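These notes are about the structure you will find just below.
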Amino acid sequence: QVQLVESGGGLVQAGDSLRLSCATSGRTLSSYVMGWFRQAPGKEREFVAARRWRGGDTYYSDSVKGRFTISRDNAKNTVYLQMNSLKPEDTAVYYCAARPSRTVVSDPRRYQYWGQGTQVTVSS
């Protein structure tokens, strides 16, 4: 079993930065894909970013490319989402997810483990 716990959300102004953390536990995730998703009120959960735990390739949605960066700290078993130049449309609950595969996908239904989410609110 994999446990994921997000933190780092909050209320910021447009143009500010935030770094979300996803602390993992339960098993080694070297063969997993880690993803970040978000869900705004009344909208479906959408893909934000993903990467293989082991491997340098990263993937982003068009709406965050160039502003967000996904990374991981092996020693801390933690995945991060650095969010820069935040916009009001980035407001959502952000979720960390894990998929026991080395194939990166953007469909949230193909991720098996989820954190509880952390709220990010960007004011204009």
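Count residues from 1 along the sequence. Since the model is a prediction, treat every value here as computed from it, not as a measurement.
Checking Ser61 against Ser63 by side-chain atom types alone, a donor-acceptor pair falls below 3.5 Å. A donor-acceptor contact under 3.5 angstrom links the side chains of Thr121 and Gln119, judged on distance only. Using modelled atom types and a 3.5 Å distance limit, the side chains of Asn84 and Ser17 yield a donor-acceptor pair. A donor atom on one side chain and an acceptor atom on the other are not found under 3.5 Å apart for Tyr111 and Arg99.
Side chains of Arg52 and Tyr59 form a contact here, defined as non-hydrogen atoms less than 4.5 Å apart. Side-chain contact between Val105 and Val33 is absent, with no heavy atoms from C-beta onward closer than 4.5 Å.
Shortest non-hydrogen contact noted between Val48 and Phe68 is CG1-CD2, 3.7 Å. The two residues Ser21 and Thr78 have their closest heavy-atom pair at CB-CG2, 4.1 Å. When every heavy atom of Lys65 is checked against every heavy atom of Tyr60, the shortest pair comes out as CE-O, 3.8 Å. Shortest non-hydrogen contact noted between Gly8 and Thr118 is N-OG1, 4.2 Å. The two residues Arg38 and Glu46 have their closest heavy-atom pair at NE-OE2, 2.5 Å. Minimum heavy-atom separation, Thr91 to Ala40: O-CB, 3.7 Å.
A 6.0 Å sphere centred on CZ of Arg102 holds more than 12 heavy atoms belonging to other residues, nucleotides or ligands.
Residue pairs meeting the disulfide (SG to SG under 2.5 Å) criterion with at least one partner in residues 14-64, sequence neighbours excluded, are Cys22-Cys96.
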Test Phe37 against Phe47 for ring-ring contact (aromatic ring centres under 6.0 Å, His included), laying out the working first.
CA-CA 5 Å; Phe37 294 79; Phe47 171 77; 5.8 Å; yes
Evaluation steps, side chain to side chain contact (heavy atoms under 4.5 Å, CB included), between Tyr94 and Met83
CA-CA 11 Å; Tyr94 282 71; Met83 306 186 295; 3.9 Å; yes
Given Val120 and Asp90, is the side chain to side chain contact (heavy atoms under 4.5 Å, CB included) satisfied, shown in steps?
CA-CA 8 Å; Val120 172; Asp90 294 320; 5.5 Å; no
Asn74 and Trp53: side chain to side chain contact (heavy atoms under 4.5 Å, CB included), yes or no, with the steps?
CA-CA 8 Å; Asn74 224 17; Trp53 185 273; 2.6 Å; yes
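One hydrophobic cluster holds both Met34 and Val2 under the rule that ILVMFWY side chains link at heavy-atom gaps under 4.5 Å. Tyr95 and Val64 are not part of a single hydrophobic cluster, where members link through side-chain heavy atoms under 4.5 Å apart. The hydrophobic cluster containing Ile70 also contains Tyr113, counting ILVMFWY residues as joined when their side-chain heavy atoms lie under 4.5 angstrom apart, directly or transitively.
Both the sub-6.0 Å distance and the 45° axial angle are satisfied by Arg19 relative to the ring of Tyr80. Both tests pass for Arg45 against the ring of Trp114: distance under 6.0 Å to the centre and angle within 45° of the axis.
For the pair Asp57 and Arg51, the salt-bridge criterion is not met [side-chain N within less than 4.0 Å of a carboxylate O].
Although no hydrogens or angles enter the test, the distance criterion places a donor-acceptor pair under 3.5 Å between the side chain of Gln116 and the main chain of Glu6. Although no hydrogens or angles enter the test, the distance criterion places no donor-acceptor pair under 3.5 Å between the side chain of Thr103 and the main chain of Ser101. Formation of a donor-acceptor pair under 3.5 Å by the Thr24 side chain with backbone atoms of Asn77 is found in this model. Between the Arg67 side chain and the Ser85 main chain, a donor and an acceptor come within less than 3.5 Å of each other.
By the side-chain contact (heavy atoms from CB on, under 4.5 Å) test, Ser124 pairs with Pro88, sequence neighbours left out.
A distance of 8.5 Å separates CZ of Arg54 from CZ of Arg72, quoted to the nearest 0.5 Å.
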